[in-house]
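Since the structure comes first, as structure tokens, the remarks are kept for the end.
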Amino acid sequence: MAMTRTPVRRVLDYTVLSVLAFVFALPALYLFLGSLKPSDEVLNGLSGFLPTHLSFDNYAAVLDSLNSDSTGYFWQFMGVSVLLSFVVVTGGLIVNSMAAYGLTRLKWRGQKAVFTLVLLLMLIPFESVAVPLFYMFNGQRNTLFVQALPFVANAFAIYQFHTFFKKIPPSIEEAARLDGAGPWRTFFAIIVPMSRPVFASVAILTFLIQWGSFLWPVLMVSDPSVRPLPLEMSVFQGQQPPDWGQILAFGVLLVLPVLIVFAFFQRWFVEGVASSAVKG
């Protein structure tokens, strides 16, 4: 028998959750308010939350300071990050979902050994293989290719797809085979439409990781024409004297696409769960 919460308990739960949500939102609020303030008012402790002397001058200053051949162009840095994220997310969804399908639904010799290797790869941090990868791809430095290729295949994404595909009833694929559908048609016409929630989850996580990628660009990129936005923010922050208002404005511009993508895929995720429940 399911336990029902009393009105007092419900109010208490929502109060605690609201307080926690507010606490976790404080850094984002400080970032946004600080981006609208003069530099000398940004680092003023708790008074930084007071909405005084607000303007968009910092945003205009960031765009103006990154608008020449000598400094590079802000929208060029943004375009590089968008392109890299698109390639890694799109390629990762295709490669990792197909790999997980082969490891989950198809039967072949060595299947369990390969899946065990995938699980082991999840335990290896990128920092431990960054230097070997640097020497492997040293001839491809300062290219978009080298910034995207190592991150298309991802062991954790394969594991996420694998976990979701295991829950799909085998009878669906058996019915597809009886209708004359092969593995490729079964995957793209049946499995993929049924798996929108996991595709949305993997897309969000992959985008977050790729958009904030910093270590690999530091090792492989020195040409401003292929510099992604997080690396450029590090360069911008290192300028002396630091203008903290402009730095926070740069941070907002860096975070804004993440919020947009997350909102878009979150809606797709909810729709996918609802449609799956209706079909089930």
Practice task
Check the pair Phe188 / Tyr101 against side chain to side chain contact (heavy atoms under 4.5 Å, CB included), numbers first and verdict last.
Solution key: CA-CA 11 Å; Phe188 286 106; Tyr101 182 73; over 6 Å; no

Do you know which two heavy atoms are closest between [X] and [Y], and how far apart they sit?
X      : Y      : value
Ala99  : Ile158 : CB-CD1, 4.0 Å
Asn96  : Ala153 : OD1-CA, 3.5 Å
Pro183 : Leu106 : CB-CD2, 4.5 Å
Ala61  : Gln246 : CB-NE2, 3.4 Å
Pro38  : Val42  : O-CG2, 3.4 Å

Side chain [X], main chain [Y], donor-acceptor under 3.5 Å:
X      : Y      : answer
Ser128 : Pro125 : yes
Glu173 : Ile191 : no
Thr143 : Gln140 : yes
Asn58  : Ala249 : no
Ser195 : Val198 : no
Gln210 : Val88  : no
Arg185 : Ile190 : no
Ser97  : Ile94  : yes

Can you find a heavy atom in the side chain of [X] that is under 4.5 Å from one in the side chain of [Y]?
X      : Y      : answer
Trp211 : Pro257 : yes
Tyr73  : Asn67  : yes
Arg141 : Met220 : yes
Leu248 : Val252 : no
Val62  : Phe236 : yes
Ser39  : Ile247 : no
Pro242 : Gln237 : no
Phe156 : Leu205 : yes

What do you reckon, is [atom1] of [X] surrounded by more than 12 foreign heavy atoms closer than 6.0 Å?
X      : atom1 : answer
Phe32  : CZ    : no
Trp108 : CH2   : yes
Phe86  : CZ    : no

From [X] atom [atom1] to [Y] atom [atom2], the distance as rounded to the nearest 0.5 Å:
X      : Y      : atom1 : atom2 : answer
Leu231 : Leu219 : CG    : CG    : 10.0 Å
Leu215 : Ser213 : CG    : OG    : 7.5 Å
Phe56  : Leu63  : CZ    : CG    : 12.0 Å
Met78  : Glu232 : CE    : CD    : 11.5 Å
Leu253 : Met233 : CG    : CE    : 9.5 Å
Thr116 : Leu103 : OG1   : CG    : 10.0 Å

Problem - Ring geometry between Phe137 and Trp216 (parallel below 30°, tilted from 30 to 60°, perpendicular above 60°) - result: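 Rings of Trp216 and Phe137: perpendicular, as their planes differ by over 60°.
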
Problem - Salt bridge present between Asp223 and Arg227 (N-O < 4.0 angstrom) - result: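 Salt bridge between Asp223 and Arg227, a charged N being under 4.0 Å from a carboxylate O: no.
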
Practice task
List the steps and the verdict of side chain to side chain contact (heavy atoms under 4.5 Å, CB included) for Met194 and Ile172.
Solution key: CA-CA 11 Å; Met194 294 180 61; Ile172 295 178; 3.5 Å; yes

Exercise for the section: Go through the steps for Ser222 and Asn142 under the test side chain to side chain contact (heavy atoms under 4.5 Å, CB included), then give the verdict. Expected result: CA-CA 6 Å; Ser222 58; Asn142 292 314; 3.2 Å; yes

Problem - Donor on one side chain, acceptor on other, Thr71 and Ser68, under 3.5 Å - result: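 Yes, a side-chain donor-acceptor pair sits under 3.5 Å.
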
Handout entry: Pair Asn154-Thr206, side-chain donor/acceptor within less than 3.5 Å
Key =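 Side chains of Asn154 and Thr206: no pair found under 3.5 Å.
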
Problem - Centroid-centroid distance, Phe161 to Phe199, less than 6.0 Å - result: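 Between Phe199 and Phe161, which both carry aromatic rings, the centre distance is below 6.0 Å.
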
Problem - Ring centroid separation Tyr59 to Phe250 under 6.0 Å - result: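 Here the rings of Phe250 and Tyr59 have centres that are no less than 6.0 Å from each other.
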
Handout entry: In one Ile/Leu/Val/Met/Phe/Trp/Tyr side-chain cluster, 4.5 Å: Val221, Val87
Key =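 Same hydrophobic cluster.
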
Exercise for the section: Could you state whether Tyr159 and Leu117 fall into the same hydrophobic cluster, counting links through intermediate Ile, Leu, Val, Met, Phe, Trp or Tyr residues with side-chain heavy atoms under 4.5 angstrom apart? Expected result: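 Hydrophobic grouping puts Tyr159 apart from Leu117.
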
Handout entry: Sole candidate of Phe151, Phe214, Phe134 that passes ring-ring contact (aromatic ring centres under 6.0 Å, His included) when paired with Phe126
Key =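 Result: among Phe151, Phe214, Phe134, Phe151 is the only option passing the ring-ring contact (aromatic ring centres under 6.0 Å, His included) with Phe126.
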
Practice task
Check step by step if side chain to side chain contact (heavy atoms under 4.5 Å, CB included) holds for Asn138 and Tyr135.
Solution key: CA-CA 5 Å; Asn138 191 45; Tyr135 286 106; 5.5 Å; no

